[in-house]
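Written below as structure tokens is the structure these notes are about.
Values below: all heavy atoms of this structure, side chains included; hydrogens, waters and symmetry mates excluded. Quick caveat: nothing in here was measured; it's all calculated off a predicted structure.
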Amino acid sequence: MMKKTLFTIASICVKVLQYLFIFCAILTAFGTVAFISQKNLVLSYVKELSLNTPYFLFITVGFMGVIVLICYGMSAKYFASILKNMASENYFIQENSRFSLIITLLTLLIILVQLISTFVFQWFDIPKTSALFNFSHVNYFYNIVIVLIASAAYFIFKSGKATKDDAESII
């Protein structure tokens, strides 16, 4: 009973995070569209502030931010589904292994976007854009740890499913 309650509460918390990520992605997309629609105004501010940043880079940063936030939101969605399955005591099912693999791929996409962003920002000599593009070693480390954990979960769920199917076929 305690285990089910814990998984259910964790699932709800992750769902809240999912909606926050999606909300932030929508706001970021809205801001990016505003930058596109107000190009002349943005360029006048850039000139007024004496920034040497090309206009397309503002749009690129917006799109990269949307991609990262959507990936985090989708990862939270799949993680909440795994927790929901575990609350129902459905540990070794195909769905859990598939969701773990999707989380792994989404996190790899986030790392790829971070690497591309790092390259672009260094190329244009832009020291800091936003907290979303935090390029510290700690940030990469956390994402790599998430990839390792999600990959391990994929293999655990997959082999657990095979073992469960094998045990059921013997009986």
Any heavy-atom pair between the side chains of Leu112 and Leu108 that's under 4.5 Å?
no

In this structure, CE of Met74 is separated from CZ of Phe21 (nearest 0.5 Å) by 13.5 Å

Counting N and O atoms only, with roles assigned by atom type, does the side chain of Thr28 sit under 3.5 Å from a partner on the main chain of Gly62, one being a donor and the other an acceptor?
no

Let me confirm one number: the CZ-CD1 distance from Phe7 to Ile12, rounded to the nearest 0.5 Å.
14.0 Å

Is there a chain of hydrophobic side chains (I, L, V, M, F, W, Y, each step under 4.5 Å between heavy atoms) that links Val33 to Val68?
no

Restricting to non-hydrogen atoms, name the atom on Ser75 and the atom on Thr107 that form the minimum distance, rounded to 0.1 Å.
OG-OG1, 4.4 Å

Non-hydrogen atoms of Ser100 and Ile82 that approach each other most closely:
OG-CD1, 3.6 Å

Linking I/L/V/M/F/W/Y whenever any side-chain heavy atoms sit under 4.5 Å apart, do Leu27 and Val61 land together?
no

Could you tell me whether the side chain of Ile156 reaches within less than 4.5 Å of the side chain of Phe92, counting heavy atoms only?
yes

When rounded to the nearest 0.5 angstrom, what distance separates CG in Leu109 from CD in Gln114?
10.5 Å

Shortest non-hydrogen contact from Ile103 toward Ala150:
CG2-CB, 3.9 Å

Beyond-backbone contact of Lys164 with Ile93, side-chain heavy atoms, under 4.5 angstrom:
yes

Inter-residue atom distance Glu89.CD - Lys4.NZ, 0.5 Å rounding:
8.0 Å

Kindly give the heavy-atom pair with the smallest separation between Phe99 and Ser81, and that separation in Å.
CE1-CB, 3.4 Å

Of all heavy-atom pairs linking Ile22 and Gly73, the shortest is CD1-CA, 4.2 Å

Between Phe63 and Thr32, is any pair of side-chain heavy atoms under 4.5 Å apart?
yes

Should Leu83 and Leu6 be regarded as members of a common hydrophobic cluster, given that ILVMFWY residues are connected when their side-chain heavy atoms come within less than 4.5 Å of each other, either directly or indirectly?
no

Are any of the side-chain heavy atoms of Ile111 and Leu115 separated by less than 4.5 Å?
yes

Can you check whether Leu17 reaches Phe79 side chain to side chain, under 4.5 Å on heavy atoms?
no

Look up atom CZ in Phe58 and atom NZ in Lys39, then write down how far apart they are to the nearest 0.5 Å.
12.5 Å

Value rounded to 0.5 Å, distance of NZ in Lys84 from NZ in Lys15:
7.5 Å

Heavy-atom side-chain contact between Ser44 and Leu41 under 4.5 Å
yes

Test item: Tyr91 side-chain N/O and Asn96 main-chain N/O as donor-acceptor pair under 3.5 Å
no

Non-hydrogen side-chain atoms of Ile146 and Asn143 separated by less than 4.5 Å
yes

Val14 to Ala76 - nearest heavy-atom pair and separation
CG1-O, 3.0 Å

Decide whether Ile116 and Leu69 are clustered together by the hydrophobic rule: side chain heavy atoms of Ile, Leu, Val, Met, Phe, Trp, Tyr closer than 4.5 Å, transitively.
yes

Taking Tyr45 as the starting point, is it possible to reach Phe56 by hopping between hydrophobic residues whose side chains are less than 4.5 Å apart?
no

